[in-house]
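So the structure is just underneath, and the comments pick up after that.
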There are 4 protein chains.
Amino acid sequence: MSSEVFSSVDDTELVERRRQQVVAAATELYGQNGFHKTTVKEIAQLAGVSAGLIYSYVKSKEDVLFLVLQSVLESYAREIPKALEDVTDPVQRFCAAVRAYCKVVGARPDATLLAYRETKSLGAEQQAAIKQMELKTNQLLTRCIEDAIAAGYFRKINVELAAYRIVLLAHGWALKAWRFRQFTSLAEYTEEGLDLFLNAMLTPKGWAHCRGEKEQ
Amino acid sequence: MSSEVFSSVDDTELVERRRQQVVAAATELYGQNGFHKTTVKEIAQLAGVSAGLIYSYVKSKEDVLFLVLQSVLESYAREIPKALEDVTDPVQRFCAAVRAYCKVVGARPDATLLAYRETKSLGAEQQAAIKQMELKTNQLLTRCIEDAIAAGYFRKINVELAAYRIVLLAHGWALKAWRFRQFTSLAEYTEEGLDLFLNAMLTPKGWAHCRGEKEQ
Amino acid sequence: MSSEVFSSVDDTELVERRRQQVVAAATELYGQNGFHKTTVKEIAQLAGVSAGLIYSYVKSKEDVLFLVLQSVLESYAREIPKALEDVTDPVQRFCAAVRAYCKVVGARPDATLLAYRETKSLGAEQQAAIKQMELKTNQLLTRCIEDAIAAGYFRKINVELAAYRIVLLAHGWALKAWRFRQFTSLAEYTEEGLDLFLNAMLTPKGWAHCRGEKEQ
Amino acid sequence: MSSEVFSSVDDTELVERRRQQVVAAATELYGQNGFHKTTVKEIAQLAGVSAGLIYSYVKSKEDVLFLVLQSVLESYAREIPKALEDVTDPVQRFCAAVRAYCKVVGARPDATLLAYRETKSLGAEQQAAIKQMELKTNQLLTRCIEDAIAAGYFRKINVELAAYRIVLLAHGWALKAWRFRQFTSLAEYTEEGLDLFLNAMLTPKGWAHCRGEKEQ
DNA sequence: GATGAATGAGTGTTCATTCAT
DNA sequence: CATGAATGAACACTCATTCAT
């Protein structure tokens, strides 16, 4: 994947710091007004730098969008594994992954929306890179599901499809948060969704296992 | 709703015809390149009219987007009731509604995506009008669910949340069609999703009812 | 002068009638919003005809302006001689001319303003034609002045310059009517202006003559 | 007056310089072809800058017109007081004011014409601001006349009306310069006009005073 | 490294004018 | 003669990007 964003500045640490400033500003503005309505000058102003400076750290306005979306996807890739760190039981790992995913999405629903809304504004290559990152996130879920199947706790279902249903569960909150917030909480939404899926996925052995867990 | 799009031409039939031309062209282009990257001239060219003519039937480029999204939402509001016309059994009606929704979305996944991507590009008023139409579509689903609950076939769940899960099922196909198409079909996707939800919603009485239906 | 406006319609009487409709509408609109801000469609609408029809009686939007200005200038050329018809005394003729000029201007100050504001919007040829008409109007005044000089009533002054001062007296009302109306009337304005000029122009013989007139 | 024109550039001196460039170019072009027929690109080209740059110093094409008219009116407000600086005698001050006014108008007759022709092309607020400036110029004249009346040199006439006659004298040169230049000079035009007004305004005491001045 | 003035290509929109009906 | 839908050239204005300082 050739999707490294070019910078004319060498000092890696400075590049990082500047980009963070810019990405933070851009995320807010893109979320509010969309990619196209947001001008580079607005981003620069909110980031507290000059418009010209941005082009020392990024080759185009599109690159900024790429960095923004990258940072969103990275937060997924960071948070889910973190939530799984100390969990060993396959079913518990699955549940933890789902909860973690929903939680990251819930923390910045606008960011997730942004990914849906603006990915197409990127060039083909960067679009592909973003999709690649999404697939990697999904693999975190597929692996959990596969493990639970291997352990005999989940039925032998289409793993990738199941993973996508989870993704849609999590993203669904972001997509419809404006309405959901009016009659439910993220936690409730997540647990009910989780129930739904467990219901459909657990084998009798899986059920027994779960009950055992709870009885402990 | 004050969201009628203004036309300087009076002949209703002509207005309808021209708008259809323009909306068809715009849907394709907006879907391909997004609202902002698409120029009015491109739309005009694809629609086979002059750029100026568009402004006889629409007051702004934004109006064209509104018309496009409106036509998408209208197709939902048209197709779902049609699918329910001759179905009386509450559970069957629910299933028919879900299948119909998934089918309309599947017929023009780009159009559904467009609604997600570009609704924010509209002015506040038109945005509200679109959301209103979406709510109306959802009510087609809530009514089905309520009826099934009233008949004792579905458990007493949060109706609106359930409806939204269905919406996300249907829209999910559009959102991830690029991937889904690689390993499943819309029908399979729909039926499996339906199963999932029925599993979670049916009461014992509902289950018995279903089995009876099939045995007939 | 090749400044005849072309019409594709032959029936002279109809041409006249239609043009009057259009000119009336255009005068109002040009006066209100200026030539450039006024659209042909607006003129057509106010005139109660279709936009296309105008082009049967006129070759361009500019032609309409020309007709409008022509009608203004013609009203000068018509009213001043009428006011002189039964007056034979040179000084009286001069006074009658001045009063008549001020009166026509006062009747449609907007129209006079229009001539100042929009003559430059015409093509060179039509601009020249309008100036020509203005010169003709001025000659009505110069002739009066010359006659009064010949009769020994006026001093031997620069006749054309004097005529222009009168023109500016009359036009001045239109140019500053928005202010003048607040503290004087057209009649007062006219008489005081006339006094001013007579003062400067009358010979002793002229003065005696005037006094004699009044004593009669 | 809320009629300050906005600039996105802060450096006051640069703003001043650029605006002067633009105003100079615009004055010429507006004078030649009128406000509406002149394109922003033409102005930019003549000013030797890019079209886009203009919008760093001005918010709209209309603002350029405002700046142009403002500069005309300012030249009046600057030159007339300057001409009065070392003159103390009321009648002399009046004469100096009239001569100064005619001279500024004569220096850029096109600019004065522009004010007549294009003030209506401004928005309501800027139109009002221009009229306000015109009133201020007029007050320079009224004050002279009032002083001469107070000193017993001028008769007790309607001061504002008299001031406007002077204004029309000065503007008259601009309005009809195309003709006047063919048979007289600005100086002659001015002096004769001044005579005319003095004739009508001076009291016997004023006459005596004048003669005295000359005899000195 | 940082600034922000300058560029100029690109776009939505208007409107005089034409012409099929 | 009359209509008004259709055309398309023209124009104000925006904004990503560059580069001299």
Side-chain angles (χ1 to χ4, degrees), chain A residues 7-11 14-15 18 36-45 48-64, chain B residues 7-11 14-15 18 36-45 48-64, chain C residues 7-11 14-15 18 36-45 48-64, chain D residues 7-11 14-15 18 36-45 48-64:
Chain A
S7 166
S8 74
V9 176
D10 291 323
D11 180 343
L14 182 58
V15 171
R18 288 290 190 217
H36 284 99
K37 277 187 192 162
T38 302
T39 69
V40 172
K41 267 185 182 149
E42 283 168 345
I43 296 173
Q45 191 161 45
V49 298
S50 72
L53 187 64
I54 290 185
Y55 287 86
S56 299
Y57 296 96
V58 126
K59 235 176 42 217
S60 73
K61 192 190 169 192
E62 247 181 63
D63 273 0
V64 176
Chain B
S7 166
S8 75
V9 176
D10 288 321
D11 180 344
L14 181 58
V15 171
R18 287 292 189 219
H36 285 100
K37 275 189 193 159
T38 304
T39 69
V40 172
K41 273 178 185 153
E42 283 167 349
I43 297 174
Q45 190 161 43
V49 298
S50 70
L53 187 66
I54 291 186
Y55 288 86
S56 297
Y57 296 95
V58 125
K59 238 177 41 216
S60 69
K61 191 189 170 193
E62 244 180 68
D63 270 0
V64 176
Chain C
S7 167
S8 73
V9 176
D10 291 323
D11 179 343
L14 181 57
V15 170
R18 288 290 190 214
H36 284 101
K37 279 188 191 161
T38 302
T39 68
V40 173
K41 267 185 185 152
E42 283 168 345
I43 297 172
Q45 190 163 45
V49 299
S50 72
L53 188 64
I54 291 185
Y55 288 85
S56 299
Y57 295 96
V58 127
K59 233 176 42 216
S60 72
K61 192 189 168 193
E62 247 181 64
D63 272 0
V64 176
Chain D
S7 166
S8 75
V9 176
D10 288 322
D11 181 344
L14 182 59
V15 171
R18 288 291 187 220
H36 284 101
K37 275 190 194 162
T38 303
T39 70
V40 172
K41 271 182 183 149
E42 284 167 348
I43 297 173
Q45 190 161 43
V49 298
S50 71
L53 188 67
I54 291 185
Y55 289 86
S56 297
Y57 297 95
V58 126
K59 239 177 39 218
S60 70
K61 191 188 169 193
E62 243 180 70
D63 271 0
V64 176

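Each chain gets a letter, A, B and so on, in the order its sequence line appears, and its residues count up from 1.
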B/Thr39 has its side chain closest, among E/dT11, F/dA6, E/dA16, to E/dT11
Tell me which nucleotide among F/dA5, E/dA2, F/dA12 gets nearest to the side chain of D/Lys61. F/dA12
Would you confirm whether D/Ser7, through its side chain, and D/Ser56, through its main-chain N or O, come within 3.5 Å as a donor-acceptor pair? yes
Whole-Å distance separating the CG atom of D/Asp63 from the P atom of F/dA12: 14 Å
Indicate whether OP1 or OP2 belonging to E/dT14 is found under 4.0 Å from a side-chain N or O atom of B/Tyr55. no
Work out which heavy atom in D/Lys61 is nearest to a heavy atom in D/His36; give both atom names and the distance. NZ-O, 3.6 Å
Rounded to the nearest 0.5 Å, how far apart are OG of A/Ser50 and NZ of A/Lys41? 10.5 Å
Stems in DNA chain F, runs of 3 or more consecutive Watson-Crick or G-U wobble pairs with both distances under 3.5 Å, sorted by first number, are E:2-21 with F:2-21
Closest-nucleotide 5' rank along DNA chain F - winner of D/Gly52 and B/Asp10: B/Asp10
Side-chain contact check for C/Ser50: nearest option of F/dA5, F/dA2, E/dG12 is F/dA2
Is there a side-chain polar atom (N or O) of D/Arg18 under 4.0 Å from OP1 or OP2 of E/dA6? yes
For C/Tyr57 and F/dA2, is the shortest distance between a side-chain N/O and OP1 or OP2 below 4.0 Å? yes
Considering residues, nucleotides and ligands other than B/Lys37, do more than 12 of their heavy atoms fall under 6.0 Å from its NZ? yes
Does B/Ser7 reach a base, just sugar-phosphate, or nothing at all? Heavy atoms under 4.0 Å. nothing
Between D/Leu14 and D/Tyr57, which heavy-atom pair has the shortest distance, and what is it? CD2-OH, 3.5 Å
5' priority, DNA chain F, between C/Val15 and A/Ser60 [closest heavy atom]: C/Val15
Take A/Ala51 and B/Glu62, find for each the nucleotide of DNA chain E with the closest heavy atom, and name the residue whose nucleotide sits nearer the 5' end. A/Ala51
Expressed in angstrom and rounded to an integer, what is the separation of C/His36 atom NE2 from E/dT14 atom C1'? 14 Å
Roughly, in whole Å, what's the span from CD1 in D/Ile54 to P in E/dA9? 16 Å
For the side chain of A/Leu53, counting heavy atoms from C-beta on, which of F/dA2, F/dT17, E/dT3 is nearest? E/dT3
Write down the distance between NZ (A/Lys37) and P (E/dT11), rounded to a whole number of angstrom. 17 Å
Search all heavy atoms of D/Thr38 against all heavy atoms of D/Glu42 and return the closest pair with its distance. CA-OE1, 3.4 Å
Grab the CD-P distance between A/Glu42 and F/dC15 for me, whole Å please. 8 Å
Between F/dA6, F/dA12, F/dA2, which one does the side chain of C/Leu14 approach most closely? F/dA2
Exercise: identify the closest heavy-atom pair between C/Tyr55 and C/Val40: OH-CG2, 3.6 Å
Can you check the C/Lys41 NZ to E/dA16 C1' distance for me, whole Å? 9 Å
